[in-house]
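Residue numbers start from 1 in every chain, and the chains themselves are labelled A, B, ... in the order their sequence lines are given, proteins ahead of strands. What's counted below: heavy atoms across the whole structure, side chains too, no hydrogens, waters or symmetry copies.
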Amino acid sequence: MSEIILQQTRVDQGLDYYKKFVREYPKVSDLARASEDEVLKLWEGLGYYSRGRNLLATARFIVDHLDGKFPRSAKDLRELKGIGPYTSAAISSIANNEPIAAVDGNAFRVLSRFFDIELDIAKQSTRKYFEELMTKLIEGERPGDFNQAVMDLGASICTPKKYQCEECPLESGCLSFQKKIVDQRPVKIKKMKIRNRYLNFLILIKNEKIAIQRRDQGIWKGLYQFPLIESNHEITKFSELKEISNLELHSGELLTSFSKPHKLSHQNLFISYWTLQSADLTVNCDLDKINSYSFPKPLKDFIAAEILKINV
DNA sequence: GATCCGTGGTA
DNA sequence: TTACCAAGGAT
C-alpha cells in the first residue's frame with residue numbers, strides 16, 4: 001500500500017492517505033470488496049488516480065485468482081497492474097529479502113553522483129545500467145534496508161538542490177564531490193517543450209495604406225508586424241475573432257483570410273492572416289513600403305503574395 | 001521511446 | 001511567474 005501511494009509522492013503528502021487506507025482496508029480482501037467509487041473517494045486529492053484504480057484491480061486479482069496471496073518475487077509482482085520496475089523491486093526486497101535494486105529518482109541521483117555517471121537519466125534505456133550497478137552493490141541479508149537507505153540518503157541529504165555533502169556519510173568516496181561537480185549530477189537532458197500559439201494578424205487596408213505595429217517584447221522585439229490578436233485556440237471564423245478581440249473590427253469588411261502553420265524549435269505557431277478593408281484603425285504605413293520593414297520570417301513568407309492579392 | 005497522468009513544495 | 005521535481009507506471 002505504501003509503495004503504491006508513494007509513487008511520485010512525498011511521504012508527508014501521502015502519509016495520511018496511507019493511514020486512511022490501511023484503517024479502512026486492513027486486509028487485501030477488504031479492499032477487494034470495495035467499490036471503485038469508494039476507493040477513488042479515499043484517493044481524492046492525492047493525484048495520479050489510475051494508481052487508485054490499479055490498486056483496487058490488483059487487490060481483486062489477488063483475491064480472485066491468487067488465493068489472496070501476494071506474489072513473492074519481483075518478477076511476478078511486476079505482472080500486477082500499477083506495479084512496475086521500481087515498485088516490484090521495492091516490495092520484494094523489503095518483504096521478501098530479494099537482492100534486487102529498487103531504482104527510483106533518489107537512486108538515480110545518489111548513484112550518479114557517487115560514481116560520477118554521465119548517462120542521461122531522462123532516457124529510459126539508462127535505467128537498466130543503474131539497476132545492474134546497484135544490484136551488484138547489495139550485500140548481506142538486508143537488501144530492503146539497503147534500498148531504503150539509498151532512498152533516505154537521497155531524500156534527506158543528497159537532495160536535488162541544497163544537498164548537504166558535509167553531512168553525508170559517503171562524502172569521502174563520492175566522485176562528484178571530489179570533482180566538485182555535484183551540481184552537475186545527475187545528467188538529465190530536458191526536452192524542450194513546444195508551446196502552441198495562435199496568432200491572428202490583421203492586414204488592415206485603408207486608402208492604399210496598411211496598418212503595422214512594432215513589437216515591444218518577445219523574440220521579435222523591435223520588429224514590425226501586422227496588428228496581432230493572440231488567442232488560446234485556433235480561430236476559424238471572422239465572427240469569433242471579433243468576439244474575442246477588444247478591437248473595433250465591426251467597421252472592417254473581411255476581404256480574405258489565410259492560415260499557415262509555422263514551426264519553430266520551441267513553439268508551433270498557428271498563424272491566420274485576416275485582410276480587412278476600411279478598418280477603423282490607425283493606418284501608418286504606405287503599402288509600397290511594406291517590403292522595407294523587418295518582418296518576422298513567417299510573415300515575410302506571406303506578405304508578398306497577400307499584397308498581390310490585395311492589389312488585384 | 002515519447003507522452004500523459006496530479007498535487008504540493010521549492011528555488 | 002516559472003520551471004523543476006517528488007519512493008513511477010501505462011499506453
Subject >> Residues which pass side chain to side chain donor-acceptor pair (under 3.5 Å) with A/Glu36, listed by chain and number, not counting sequence neighbours >> reply: none
Where the side chain of [X] is concerned, which of [options] is the nearest nucleotide?
X	options	result
A/Tyr86	C/dG9, B/dG6, C/dC5	C/dG9
A/Leu6	C/dG8, C/dA7, B/dG8	C/dA7
A/Pro85	B/dG6, C/dG9, C/dA7	C/dG9

I need the [atom1]-[atom2] distance between [X] and [N], as an integer number of Å.
X	N	atom1	atom2	answer
A/Glu44	B/dG8	CD	P	11 Å
A/Arg78	C/dG8	CZ	P	15 Å
A/Leu77	C/dA7	CG	P	21 Å
A/Leu15	B/dG8	CG	P	15 Å
A/Tyr48	B/dG6	OH	P	8 Å
A/Lys128	C/dG8	NZ	P	21 Å
A/Ile5	C/dG8	CD1	C1'	14 Å
A/Tyr163	B/dT10	OH	P	18 Å

With sugar-phosphate meaning primed atoms plus P, OP1 and OP2, does [X] contact a base, only sugar-phosphate, or nothing at under 4.0 Å between heavy atoms?
X	result
A/Thr87	sugar-phosphate
A/Gly154	nothing
A/Ile94	nothing
A/Ile83	sugar-phosphate

Ignoring backbone atoms, establish whether [X] has a side-chain N or O less than 4.0 Å from OP1 or OP2 of [N].
X	N	value
A/Gln8	C/dG8	yes
A/Lys162	B/dA11	yes
A/Tyr49	B/dT7	yes

Original post:
Applying ring-ring contact (aromatic ring centres under 6.0 Å, His included), which residue pairs with at least one partner in residues 114-136 of chain A are found, sequence neighbours left out?
Top reply: A/Phe108-A/Phe130
Original post:
Start at the 5' end of DNA chain C and walk down; is the nucleotide closest to A/Lys161 or to A/Arg51 reached first?
Top reply: A/Lys161
Atom [atom1], compared across [N] and [M]: separation rounded to whole Å:
N	M	atom1	value
C/dA10	B/dG8	C1'	23 Å
B/dG1	C/dA6	C1'	22 Å
C/dC5	B/dG6	C1'	13 Å
C/dG9	B/dG9	P	24 Å

Near [X] [atom1], under 6.0 Å, is it more than 12 heavy atoms from other residues, nucleotides or ligands?
X	atom1	value
A/Lys20	NZ	yes
A/Phe70	CZ	no
A/Arg127	CZ	yes
A/Glu141	CD	no
A/Tyr18	OH	no

Subject >> Residue whose closest nucleotide on DNA chain B lies nearer the 5' end, A/Asp12 versus A/Ser50 >> reply: A/Ser50
**OP:** For DNA chain C, find the residues of residues 104-125 of chain A with a heavy-atom distance under 4.0 Å and give them by number; none if there aren't any.
**Re:** A/Asp104, A/Gly105, A/Asn106, A/Arg109
Original post:
Can you find a pair of side-chain heavy atoms, one from A/Ile235 and one from A/Trp274, that are under 4.5 Å apart?
Top reply: yes
**OP:** Report yes if the distance between the aromatic ring centroids of A/Trp43 and A/Tyr48 is under 6.0 Å, otherwise no.
**Re:** no
